[in-house]
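Reading through the C-alpha coordinates given below for one structure.
If you're wondering where the values come from, they're calculated on a predicted model, not measured in any experiment.
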2 protein chains.
Amino acid sequence: METQIGQIATLIGDPVRALILWTLLDGSAYSATELAISTNTSPQNISMHLSKLVQADLLVAEKQGRHRYYRFSRQEVAYAIEAIAHLIPNEKQKKMVSHQHHAAVAHCRTCYDHLAGKTGVAIADSLLKQRVIISKANNFELTSKGEKWLLQLGINLPEVRQQRRIFLRPCLDWTERRYHIAGALGAALLDLMLEGDWIRRTRHSRAVIITATGEKKIQEYFG
Amino acid sequence: METQIGQIATLIGDPVRALILWTLLDGSAYSATELAISTNTSPQNISMHLSKLVQADLLVAEKQGRHRYYRFSRQEVAYAIEAIAHLIPNEKQKKMVSHQHHAAVAHCRTCYDHLAGKTGVAIADSLLKQRVIISKANNFELTSKGEKWLLQLGINLPEVRQQRRIFLRPCLDWTERRYHIAGALGAALLDLMLEGDWIRRTRHSRAVIITATGEKKIQEYFG
DNA sequence: TTAATACTTCATTCTGAACTTAACTATGAA
DNA sequence: TTCATAGTTAAGTTCAGAATGAAGTATTAA
(Lines give C-alpha, C1' and ligand atoms only; values in the text may rest on other atoms or scores of the structure.)
Protein backbone atom coordinates (compact mmCIF):
# COMPACT_ATOMS: atom_id res chain seq x y z
CA MET A 1 0.00 0.00 0.00
CA GLU A 2 2.48 2.65 1.13
CA THR A 3 4.92 1.49 -1.52
CA GLN A 4 2.23 2.01 -4.13
CA ILE A 5 1.53 5.49 -2.82
CA GLY A 6 5.24 6.14 -3.16
CA GLN A 7 5.30 4.81 -6.70
CA ILE A 8 2.45 7.03 -7.80
CA ALA A 9 3.86 10.07 -6.04
CA THR A 10 7.22 9.43 -7.69
CA LEU A 11 5.43 9.21 -11.00
CA ILE A 12 3.81 12.59 -10.41
CA GLY A 13 7.01 14.01 -8.99
CA ASP A 14 9.22 14.08 -12.05
CA PRO A 15 9.44 17.66 -13.38
CA VAL A 16 8.47 16.73 -16.93
CA ARG A 17 5.60 14.52 -15.81
CA ALA A 18 4.37 17.13 -13.33
CA LEU A 19 4.25 19.61 -16.18
CA ILE A 20 2.37 17.13 -18.36
CA LEU A 21 -0.21 16.61 -15.63
CA TRP A 22 -0.47 20.31 -14.93
CA THR A 23 -1.08 20.93 -18.62
CA LEU A 24 -3.73 18.23 -18.81
CA LEU A 25 -5.46 19.66 -15.75
CA ASP A 26 -7.40 21.96 -18.06
CA GLY A 27 -9.34 18.90 -19.12
CA SER A 28 -8.43 18.73 -22.78
CA ALA A 29 -6.40 16.09 -24.55
CA TYR A 30 -2.98 16.87 -25.98
CA SER A 31 -0.88 15.05 -28.54
CA ALA A 32 2.56 13.75 -27.65
CA THR A 33 4.23 16.43 -29.75
CA GLU A 34 2.18 19.22 -28.20
CA LEU A 35 3.22 17.99 -24.77
CA ALA A 36 6.85 17.68 -25.86
CA ILE A 37 6.78 21.32 -26.95
CA SER A 38 5.01 22.62 -23.86
CA THR A 39 7.35 20.71 -21.54
CA ASN A 40 10.35 21.62 -23.66
CA THR A 41 11.73 18.14 -24.06
CA SER A 42 12.45 15.63 -26.83
CA PRO A 43 9.81 13.41 -28.47
CA GLN A 44 11.60 10.29 -27.22
CA ASN A 45 11.58 11.58 -23.70
CA ILE A 46 7.94 12.66 -23.68
CA SER A 47 7.03 9.28 -25.15
CA MET A 48 8.85 7.52 -22.32
CA HIS A 49 7.13 9.64 -19.69
CA LEU A 50 3.70 9.31 -21.28
CA SER A 51 4.00 5.55 -21.49
CA LYS A 52 4.81 5.42 -17.80
CA LEU A 53 1.78 7.52 -16.96
CA VAL A 54 -0.45 5.37 -19.15
CA GLN A 55 0.91 2.18 -17.66
CA ALA A 56 0.07 3.46 -14.19
CA ASP A 57 -3.43 4.26 -15.47
CA LEU A 58 -3.13 7.97 -14.75
CA LEU A 59 -3.55 8.81 -18.42
CA VAL A 60 -5.23 7.19 -21.38
CA ALA A 61 -4.11 7.52 -24.98
CA GLU A 62 -6.46 7.83 -27.89
CA LYS A 63 -5.14 7.12 -31.34
CA GLN A 64 -6.31 9.40 -34.11
CA GLY A 65 -4.50 8.89 -37.40
CA ARG A 66 -0.84 9.34 -36.77
CA HIS A 67 -1.51 11.33 -33.62
CA ARG A 68 -1.93 10.06 -30.12
CA TYR A 69 -3.96 12.20 -27.77
CA TYR A 70 -3.39 11.89 -24.05
CA ARG A 71 -5.77 12.83 -21.29
CA PHE A 72 -6.55 11.92 -17.68
CA SER A 73 -7.99 8.46 -17.27
CA ARG A 74 -10.39 9.63 -14.55
CA GLN A 75 -11.32 12.56 -12.32
CA GLU A 76 -9.38 11.19 -9.37
CA VAL A 77 -6.14 12.04 -11.12
CA ALA A 78 -7.05 15.71 -11.24
CA TYR A 79 -8.19 15.58 -7.63
CA ALA A 80 -4.87 14.15 -6.55
CA ILE A 81 -2.94 16.83 -8.42
CA GLU A 82 -5.06 19.49 -6.77
CA ALA A 83 -4.63 17.90 -3.36
CA ILE A 84 -0.88 18.05 -3.83
CA ALA A 85 -1.13 21.63 -5.06
CA HIS A 86 -2.81 22.49 -1.76
CA LEU A 87 0.39 21.51 0.02
CA ILE A 88 2.49 24.17 -1.67
CA PRO A 89 3.95 26.16 1.24
CA ASN A 90 3.96 29.64 -0.28
CA GLU A 91 1.07 31.65 1.15
CA LYS A 92 0.13 33.36 -2.08
CA GLN A 93 0.14 30.13 -4.02
CA LYS A 94 -2.02 28.48 -1.39
CA LYS A 95 -4.74 31.06 -1.80
CA MET A 96 -4.59 30.69 -5.53
CA VAL A 97 -5.32 26.99 -5.38
CA SER A 98 -8.15 27.45 -2.96
CA HIS A 99 -11.07 25.13 -2.65
CA GLN A 100 -13.03 27.37 -4.94
CA HIS A 101 -10.33 27.07 -7.56
CA HIS A 102 -11.34 23.73 -8.95
CA ALA A 103 -14.95 24.75 -9.30
CA ALA A 104 -13.84 28.00 -10.92
CA VAL A 105 -11.65 26.18 -13.38
CA ALA A 106 -14.41 23.74 -14.19
CA HIS A 107 -16.91 26.52 -14.57
CA CYS A 108 -15.16 28.83 -16.93
CA ARG A 109 -11.61 28.48 -18.08
CA THR A 110 -9.46 28.89 -21.13
CA CYS A 111 -8.45 25.61 -22.65
CA TYR A 112 -5.20 26.41 -24.45
CA ASP A 113 -6.44 29.65 -26.04
CA HIS A 114 -10.13 29.13 -26.36
CA LEU A 115 -12.98 29.21 -23.91
CA ALA A 116 -13.78 25.98 -22.11
CA GLY A 117 -15.66 25.03 -18.96
CA LYS A 118 -19.42 25.32 -18.50
CA THR A 119 -19.52 28.60 -20.39
CA GLY A 120 -17.48 27.24 -23.28
CA VAL A 121 -19.75 24.25 -23.60
CA ALA A 122 -22.86 26.42 -23.32
CA ILE A 123 -21.57 28.67 -26.09
CA ALA A 124 -20.90 25.69 -28.34
CA ASP A 125 -24.41 24.41 -27.61
CA SER A 126 -25.91 27.79 -28.40
CA LEU A 127 -24.02 28.09 -31.70
CA LEU A 128 -25.17 24.60 -32.68
CA LYS A 129 -28.76 25.48 -31.76
CA GLN A 130 -28.63 28.73 -33.73
CA ARG A 131 -27.11 26.75 -36.60
CA VAL A 132 -24.08 29.03 -36.68
CA ILE A 133 -22.12 25.82 -36.73
CA ILE A 134 -23.24 22.27 -37.41
CA SER A 135 -21.82 18.96 -36.24
CA LYS A 136 -20.69 16.77 -39.14
CA ALA A 137 -18.58 13.59 -39.10
CA ASN A 138 -17.17 14.20 -35.63
CA ASN A 139 -16.35 17.75 -36.61
CA PHE A 140 -17.81 21.22 -36.53
CA GLU A 141 -18.58 23.16 -39.69
CA LEU A 142 -19.46 26.81 -40.11
CA THR A 143 -22.73 27.51 -41.97
CA SER A 144 -23.29 30.42 -44.36
CA LYS A 145 -25.74 31.80 -41.81
CA GLY A 146 -22.96 31.45 -39.26
CA GLU A 147 -20.57 33.48 -41.39
CA LYS A 148 -22.90 36.48 -41.34
CA TRP A 149 -23.56 36.00 -37.65
CA LEU A 150 -19.86 36.04 -36.78
CA LEU A 151 -19.15 39.07 -38.99
CA GLN A 152 -21.99 40.89 -37.24
CA LEU A 153 -20.40 39.98 -33.91
CA GLY A 154 -17.24 41.73 -35.12
CA ILE A 155 -15.02 38.81 -36.03
CA ASN A 156 -12.75 39.30 -39.04
CA LEU A 157 -13.43 35.93 -40.65
CA PRO A 158 -11.03 36.17 -43.62
CA GLU A 159 -8.20 36.99 -41.22
CA VAL A 160 -9.09 34.09 -38.94
CA ARG A 161 -9.26 31.76 -41.95
CA GLN A 162 -5.83 32.92 -43.12
CA GLN A 163 -4.14 31.50 -40.00
CA ARG A 164 -2.15 28.32 -40.44
CA ARG A 165 -3.94 26.44 -37.71
CA ILE A 166 -7.13 24.46 -38.05
CA PHE A 167 -10.03 26.85 -38.41
CA LEU A 168 -12.61 25.05 -36.32
CA ARG A 169 -12.48 21.89 -34.28
CA PRO A 170 -14.39 20.39 -31.38
CA CYS A 171 -12.48 20.04 -28.12
CA LEU A 172 -13.68 17.75 -25.38
CA ASP A 173 -14.25 19.41 -22.03
CA TRP A 174 -13.13 17.06 -19.33
CA THR A 175 -15.33 18.13 -16.45
CA GLU A 176 -18.36 18.82 -18.59
CA ARG A 177 -17.74 15.75 -20.77
CA ARG A 178 -19.02 17.71 -23.73
CA TYR A 179 -17.51 19.57 -26.65
CA HIS A 180 -16.65 23.21 -27.04
CA ILE A 181 -15.13 25.21 -29.86
CA ALA A 182 -11.40 25.15 -30.44
CA GLY A 183 -9.17 26.09 -33.37
CA ALA A 184 -8.62 29.55 -34.85
CA LEU A 185 -12.30 30.43 -34.51
CA GLY A 186 -12.34 29.39 -30.86
CA ALA A 187 -9.31 31.59 -30.24
CA ALA A 188 -10.89 34.47 -32.14
CA LEU A 189 -14.03 34.22 -30.02
CA LEU A 190 -11.92 34.27 -26.86
CA ASP A 191 -9.97 37.31 -28.12
CA LEU A 192 -13.20 39.13 -28.90
CA MET A 193 -14.47 38.49 -25.39
CA LEU A 194 -11.23 39.57 -23.77
CA GLU A 195 -11.00 42.74 -25.88
CA GLY A 196 -14.62 43.62 -25.31
CA ASP A 197 -14.10 43.07 -21.56
CA TRP A 198 -16.71 40.34 -21.49
CA ILE A 199 -14.29 38.25 -19.49
CA ARG A 200 -10.97 38.80 -17.73
CA ARG A 201 -8.10 36.42 -17.17
CA THR A 202 -7.06 35.75 -13.60
CA ARG A 203 -3.41 35.74 -12.72
CA HIS A 204 -1.72 32.35 -12.25
CA SER A 205 -4.78 30.41 -13.30
CA ARG A 206 -6.65 29.26 -16.33
CA ALA A 207 -9.92 30.38 -14.84
CA VAL A 208 -11.52 33.49 -16.28
CA ILE A 209 -14.01 35.85 -14.73
CA ILE A 210 -17.18 36.90 -16.50
CA THR A 211 -17.72 40.65 -16.17
CA ALA A 212 -21.10 42.35 -15.81
CA THR A 213 -20.85 43.45 -19.45
CA GLY A 214 -19.99 39.88 -20.40
CA GLU A 215 -22.97 38.50 -18.53
CA LYS A 216 -25.28 40.70 -20.61
CA LYS A 217 -23.49 40.17 -23.92
CA ILE A 218 -23.30 36.41 -23.53
CA GLN A 219 -26.99 36.31 -22.69
CA GLU A 220 -27.69 38.47 -25.75
CA TYR A 221 -25.68 36.49 -28.25
CA PHE A 222 -25.63 32.97 -26.81
CA GLY A 223 -28.70 32.89 -24.61
CA MET B 1 3.56 26.06 -9.77
CA GLU B 2 3.90 22.76 -11.62
CA THR B 3 7.52 22.54 -10.48
CA GLN B 4 6.34 22.90 -6.90
CA ILE B 5 3.76 20.16 -7.40
CA GLY B 6 6.59 18.01 -8.68
CA GLN B 7 8.76 18.83 -5.70
CA ILE B 8 6.06 17.87 -3.22
CA ALA B 9 5.15 14.72 -5.11
CA THR B 10 8.81 13.73 -5.20
CA LEU B 11 8.95 14.36 -1.48
CA ILE B 12 6.02 12.02 -0.93
CA GLY B 13 7.32 9.55 -3.48
CA ASP B 14 10.43 8.29 -1.75
CA PRO B 15 9.74 4.83 -0.30
CA VAL B 16 10.95 5.71 3.18
CA ARG B 17 9.07 8.99 3.27
CA ALA B 18 5.93 7.38 1.87
CA LEU B 19 6.11 4.89 4.73
CA ILE B 20 6.60 7.69 7.25
CA LEU B 21 3.54 9.50 5.93
CA TRP B 22 1.50 6.31 5.81
CA THR B 23 2.44 5.63 9.43
CA LEU B 24 1.53 9.16 10.51
CA LEU B 25 -1.81 8.87 8.71
CA ASP B 26 -3.26 7.35 11.88
CA GLY B 27 -3.07 10.82 13.36
CA SER B 28 -0.62 10.25 16.18
CA ALA B 29 2.87 11.62 16.56
CA TYR B 30 5.91 9.35 16.38
CA SER B 31 9.49 9.91 17.52
CA ALA B 32 12.35 9.77 15.03
CA THR B 33 13.55 6.43 16.42
CA GLU B 34 10.07 4.90 16.27
CA LEU B 35 9.84 5.92 12.63
CA ALA B 36 13.33 4.63 11.92
CA ILE B 37 12.30 1.24 13.30
CA SER B 38 8.97 1.08 11.50
CA THR B 39 10.55 2.09 8.20
CA ASN B 40 13.53 -0.16 8.81
CA THR B 41 16.24 2.39 8.15
CA SER B 42 19.08 4.11 10.00
CA PRO B 43 18.59 7.01 12.46
CA GLN B 44 20.71 9.26 10.23
CA ASN B 45 18.60 8.45 7.24
CA ILE B 46 15.27 8.95 8.97
CA SER B 47 16.57 12.24 10.34
CA MET B 48 17.46 13.38 6.84
CA HIS B 49 14.04 12.42 5.50
CA LEU B 50 12.17 13.97 8.42
CA SER B 51 14.04 17.24 8.08
CA LYS B 52 13.07 17.38 4.43
CA LEU B 53 9.43 16.79 5.27
CA VAL B 54 9.54 19.45 8.00
CA GLN B 55 11.24 21.94 5.72
CA ALA B 56 8.50 21.43 3.15
CA ASP B 57 5.97 22.02 5.94
CA LEU B 58 4.37 18.61 5.56
CA LEU B 59 5.34 17.66 9.11
CA VAL B 60 6.00 19.52 12.32
CA ALA B 61 8.37 18.39 15.05
CA GLU B 62 7.66 18.77 18.74
CA LYS B 63 10.57 18.50 21.13
CA GLN B 64 9.93 16.60 24.35
CA GLY B 65 13.03 15.98 26.42
CA ARG B 66 15.51 14.21 24.26
CA HIS B 67 12.78 12.99 21.94
CA ARG B 68 11.38 14.70 18.88
CA TYR B 69 7.83 13.81 17.93
CA TYR B 70 6.75 14.24 14.34
CA ARG B 71 3.22 14.64 13.06
CA PHE B 72 1.34 16.14 10.11
CA SER B 73 1.44 19.92 10.01
CA ARG B 74 -2.14 20.12 8.78
CA GLN B 75 -5.11 18.10 7.51
CA GLU B 76 -4.30 18.85 3.88
CA VAL B 77 -1.30 16.54 4.07
CA ALA B 78 -3.50 13.57 4.96
CA TYR B 79 -5.97 14.54 2.26
CA ALA B 80 -3.21 14.57 -0.34
CA ILE B 81 -1.96 11.15 0.76
CA GLU B 82 -5.48 9.78 0.52
CA ALA B 83 -6.01 11.40 -2.89
CA ILE B 84 -2.87 9.67 -4.12
CA ALA B 85 -4.00 6.40 -2.55
CA HIS B 86 -7.16 6.65 -4.64
CA LEU B 87 -5.01 6.41 -7.76
CA ILE B 88 -3.69 2.96 -6.93
CA PRO B 89 -4.67 0.82 -9.93
CA ASN B 90 -5.41 -2.47 -8.16
CA GLU B 91 -9.17 -2.94 -7.90
CA LYS B 92 -9.17 -4.42 -4.43
CA GLN B 93 -6.97 -1.71 -3.06
CA LYS B 94 -9.15 0.94 -4.63
CA LYS B 95 -12.19 -0.28 -2.78
CA MET B 96 -10.29 -0.37 0.46
CA VAL B 97 -9.43 3.30 0.24
CA SER B 98 -12.95 4.30 -0.64
CA HIS B 99 -14.44 7.67 0.01
CA GLN B 100 -15.97 6.36 3.18
CA HIS B 101 -12.60 5.20 4.37
CA HIS B 102 -11.35 8.52 5.63
CA ALA B 103 -14.51 9.20 7.57
CA ALA B 104 -14.35 5.72 9.05
CA VAL B 105 -10.76 6.16 10.10
CA ALA B 106 -11.53 9.52 11.61
CA HIS B 107 -14.56 8.16 13.38
CA CYS B 108 -13.15 5.16 15.10
CA ARG B 109 -9.69 3.80 14.59
CA THR B 110 -6.87 2.24 16.53
CA CYS B 111 -3.98 4.57 16.99
CA TYR B 112 -1.01 2.23 17.38
CA ASP B 113 -2.73 -0.17 19.80
CA HIS B 114 -5.27 1.97 21.56
CA LEU B 115 -8.61 3.35 20.54
CA ALA B 116 -8.58 6.71 18.79
CA GLY B 117 -11.01 8.62 16.59
CA LYS B 118 -14.28 10.12 17.74
CA THR B 119 -15.00 7.14 19.97
CA GLY B 120 -11.55 7.21 21.55
CA VAL B 121 -11.86 10.89 22.32
CA ALA B 122 -15.40 10.40 23.66
CA ILE B 123 -14.19 7.63 25.97
CA ALA B 124 -11.38 9.82 27.26
CA ASP B 125 -13.88 12.62 27.88
CA SER B 126 -16.21 10.27 29.71
CA LEU B 127 -13.45 8.92 31.92
CA LEU B 128 -12.37 12.46 32.78
CA LYS B 129 -15.97 13.40 33.55
CA GLN B 130 -16.45 10.33 35.75
CA ARG B 131 -13.16 11.20 37.42
CA VAL B 132 -11.74 7.78 36.59
CA ILE B 133 -8.76 9.73 35.34
CA ILE B 134 -7.78 13.34 35.89
CA SER B 135 -5.71 15.69 33.77
CA LYS B 136 -2.62 16.91 35.62
CA ALA B 137 0.40 18.77 34.22
CA ASN B 138 -0.24 17.79 30.61
CA ASN B 139 -0.70 14.21 31.68
CA PHE B 140 -3.42 11.81 32.71
CA GLU B 141 -3.51 10.27 36.18
CA LEU B 142 -5.64 7.40 37.44
CA THR B 143 -7.73 8.18 40.56
CA SER B 144 -8.43 5.70 43.35
CA LYS B 145 -12.06 5.77 42.27
CA GLY B 146 -10.83 4.97 38.77
CA GLU B 147 -8.91 1.92 40.00
CA LYS B 148 -12.10 0.35 41.36
CA TRP B 149 -14.00 1.32 38.25
CA LEU B 150 -11.47 -0.37 35.95
CA LEU B 151 -11.30 -3.52 38.09
CA GLN B 152 -15.08 -3.71 37.94
CA LEU B 153 -14.86 -3.43 34.16
CA GLY B 154 -12.64 -6.50 34.19
CA ILE B 155 -9.22 -4.99 33.68
CA ASN B 156 -6.36 -6.67 35.52
CA LEU B 157 -4.70 -3.49 36.76
CA PRO B 158 -1.63 -5.00 38.46
CA GLU B 159 -0.80 -6.88 35.27
CA VAL B 160 -1.21 -3.75 33.14
CA ARG B 161 0.99 -1.80 35.58
CA GLN B 162 3.67 -4.48 35.38
CA GLN B 163 4.30 -3.82 31.69
CA ARG B 164 7.47 -1.93 30.78
CA ARG B 165 5.72 0.73 28.79
CA ILE B 166 4.23 3.92 30.15
CA PHE B 167 1.04 3.11 32.02
CA LEU B 168 -1.10 6.03 30.94
CA ARG B 169 -0.48 8.91 28.60
CA PRO B 170 -2.59 11.30 26.55
CA CYS B 171 -2.33 10.96 22.78
CA LEU B 172 -3.47 13.75 20.52
CA ASP B 173 -6.09 12.75 17.99
CA TRP B 174 -5.32 14.48 14.77
CA THR B 175 -8.76 14.75 13.23
CA GLU B 176 -10.56 15.41 16.48
CA ARG B 177 -7.76 17.69 17.73
CA ARG B 178 -8.36 16.33 21.21
CA TYR B 179 -6.73 13.80 23.48
CA HIS B 180 -7.48 10.16 23.99
CA ILE B 181 -5.96 7.48 26.18
CA ALA B 182 -2.73 5.79 25.16
CA GLY B 183 -0.13 3.74 27.00
CA ALA B 184 -0.59 0.33 28.61
CA LEU B 185 -4.02 1.26 29.95
CA GLY B 186 -5.19 2.43 26.52
CA ALA B 187 -4.03 -0.85 25.04
CA ALA B 188 -5.72 -2.80 27.84
CA LEU B 189 -9.00 -1.00 27.18
CA LEU B 190 -8.73 -1.80 23.49
CA ASP B 191 -7.98 -5.47 24.25
CA LEU B 192 -10.99 -5.65 26.54
CA MET B 193 -13.23 -4.27 23.83
CA LEU B 194 -11.87 -6.61 21.19
CA GLU B 195 -12.15 -9.64 23.46
CA GLY B 196 -15.65 -8.71 24.57
CA ASP B 197 -16.58 -8.22 20.89
CA TRP B 198 -17.50 -4.61 21.50
CA ILE B 199 -15.52 -3.73 18.41
CA ARG B 200 -13.93 -5.59 15.52
CA ARG B 201 -10.86 -4.79 13.48
CA THR B 202 -11.32 -4.41 9.74
CA ARG B 203 -8.88 -5.98 7.37
CA HIS B 204 -6.27 -3.73 5.73
CA SER B 205 -7.34 -0.70 7.69
CA ARG B 206 -6.91 0.93 11.03
CA ALA B 207 -10.62 1.56 11.27
CA VAL B 208 -12.62 -0.57 13.69
CA ILE B 209 -16.29 -1.39 13.66
CA ILE B 210 -18.47 -1.00 16.73
CA THR B 211 -20.70 -4.05 17.21
CA ALA B 212 -24.25 -3.97 18.51
CA THR B 213 -22.98 -5.29 21.85
CA GLY B 214 -20.34 -2.60 21.82
CA GLU B 215 -22.86 0.11 21.18
CA LYS B 216 -24.77 -0.90 24.31
CA LYS B 217 -21.69 -1.49 26.48
CA ILE B 218 -20.05 1.79 25.50
CA GLN B 219 -23.27 3.61 26.25
CA GLU B 220 -23.47 1.82 29.61
CA TYR B 221 -19.92 2.49 30.74
CA PHE B 222 -18.97 5.67 28.95
CA GLY B 223 -22.28 7.33 28.17
C1' DT C 1 7.00 5.43 -54.64
C1' DT C 2 9.22 8.69 -52.14
C1' DA C 3 9.30 11.83 -48.55
C1' DA C 4 7.70 13.78 -44.38
C1' DT C 5 5.50 13.63 -40.01
C1' DA C 6 4.18 11.42 -35.59
C1' DC C 7 5.57 8.52 -32.42
C1' DT C 8 8.05 4.49 -30.23
C1' DT C 9 11.91 1.42 -28.78
C1' DC C 10 16.46 0.34 -27.39
C1' DA C 11 21.23 0.99 -25.91
C1' DT C 12 24.11 4.24 -23.61
C1' DT C 13 25.40 8.05 -20.74
C1' DC C 14 25.18 10.74 -16.78
C1' DT C 15 23.42 13.10 -12.77
C1' DG C 16 20.85 13.84 -8.47
C1' DA C 17 19.47 11.97 -4.41
C1' DA C 18 19.38 8.15 -1.06
C1' DC C 19 22.20 5.74 1.93
C1' DT C 20 26.57 4.84 4.71
C1' DT C 21 30.35 5.88 7.67
C1' DA C 22 31.90 8.93 11.04
C1' DA C 23 31.78 12.61 14.15
C1' DC C 24 29.15 15.72 16.92
C1' DT C 25 25.37 17.94 20.31
C1' DA C 26 21.92 17.38 23.86
C1' DT C 27 19.33 15.22 27.37
C1' DG C 28 18.95 11.85 31.04
C1' DA C 29 20.62 8.20 34.14
C1' DA C 30 24.24 5.95 37.16
C1' DT D 1 31.66 12.74 36.18
C1' DT D 2 30.92 9.03 33.05
C1' DC D 3 27.97 6.36 30.27
C1' DA D 4 23.87 5.67 27.45
C1' DT D 5 20.27 7.21 24.59
C1' DA D 6 18.12 10.37 21.06
C1' DG D 7 18.99 12.85 17.47
C1' DT D 8 21.59 15.83 13.97
C1' DT D 9 25.22 17.14 10.64
C1' DA D 10 28.90 16.41 7.18
C1' DA D 11 31.59 13.92 3.73
C1' DG D 12 31.89 10.06 0.55
C1' DT D 13 29.75 6.33 -2.23
C1' DT D 14 26.39 4.10 -4.98
C1' DC D 15 22.68 3.48 -8.01
C1' DA D 16 18.08 4.26 -10.17
C1' DG D 17 16.17 6.51 -13.63
C1' DA D 18 16.00 10.63 -16.76
C1' DA D 19 17.93 12.28 -20.95
C1' DT D 20 20.26 11.43 -25.41
C1' DG D 21 21.38 9.26 -29.88
C1' DA D 22 20.27 6.03 -33.26
C1' DA D 23 17.09 3.25 -35.51
C1' DG D 24 12.54 1.57 -36.19
C1' DT D 25 7.10 1.49 -37.33
C1' DA D 26 2.89 3.72 -38.89
C1' DT D 27 0.29 7.12 -41.13
C1' DT D 28 -0.36 10.82 -44.51
C1' DA D 29 0.90 13.70 -48.34
C1' DA D 30 3.21 14.57 -52.85
D/dA6 OP1/OP2 closer than 4.0 Å to side-chain N/O of B/Arg68: no
Checklist entry - Yes or no on side-chain hydrogen bond (donor to acceptor under 3.5 Å, both in side chains) for B/Gln130 and B/Ser126, after CA distance, side-chain angles and deciding distance? => result CA-CA 6 Å; B/Gln130 295 182 63; B/Ser126 163; 2.8 Å; yes
message = Between A/Leu19 and A/His49, is there a side-chain heavy-atom distance shorter than 4.5 Å?
response = no
Rounded to the nearest 0.5 angstrom, the CD1-CD1 distance for B/Ile12 and B/Ile84 is 4.0 Å
From OH of B/Tyr30 across to C1' of D/dA6 the rounded distance in Å is 19 Å
query = Contact class for B/Tyr69 (heavy atom, under 4.0 Å): base, sugar-phosphate, or nothing?
reply = nothing
A/Leu35 atom CG is separated from C/dA6 atom C1', nearest whole Å, by 13 Å
The reported gap from CG in A/Leu150 to NZ in A/Lys145 (rounded to nearest 0.5 angstrom) is 11.5 Å
Rounded to whole Å, the CD1-P distance (A/Ile46 to C/dT8) equals 10 Å
Per-nucleotide protein contact along nucleotides 12-30 of chain C, 5' to 3', at a 4.0 Å heavy-atom cut-off (B base, S sugar-phosphate only, - neither), is ------SBSBB----BS--
- Using a 4.0 Å heavy-atom cut-off across all strands, classify A/Ser51 as base, sugar-phosphate, or nothing. nothing
Main-chain N/O of B/Asp57 paired to B/Arg74 side chain as donor or acceptor, under 3.5 Å:
yes
Output for pair (A/Tyr69 OH, A/Leu35 CG), nearest 0.5 Å, gives 10.5 Å
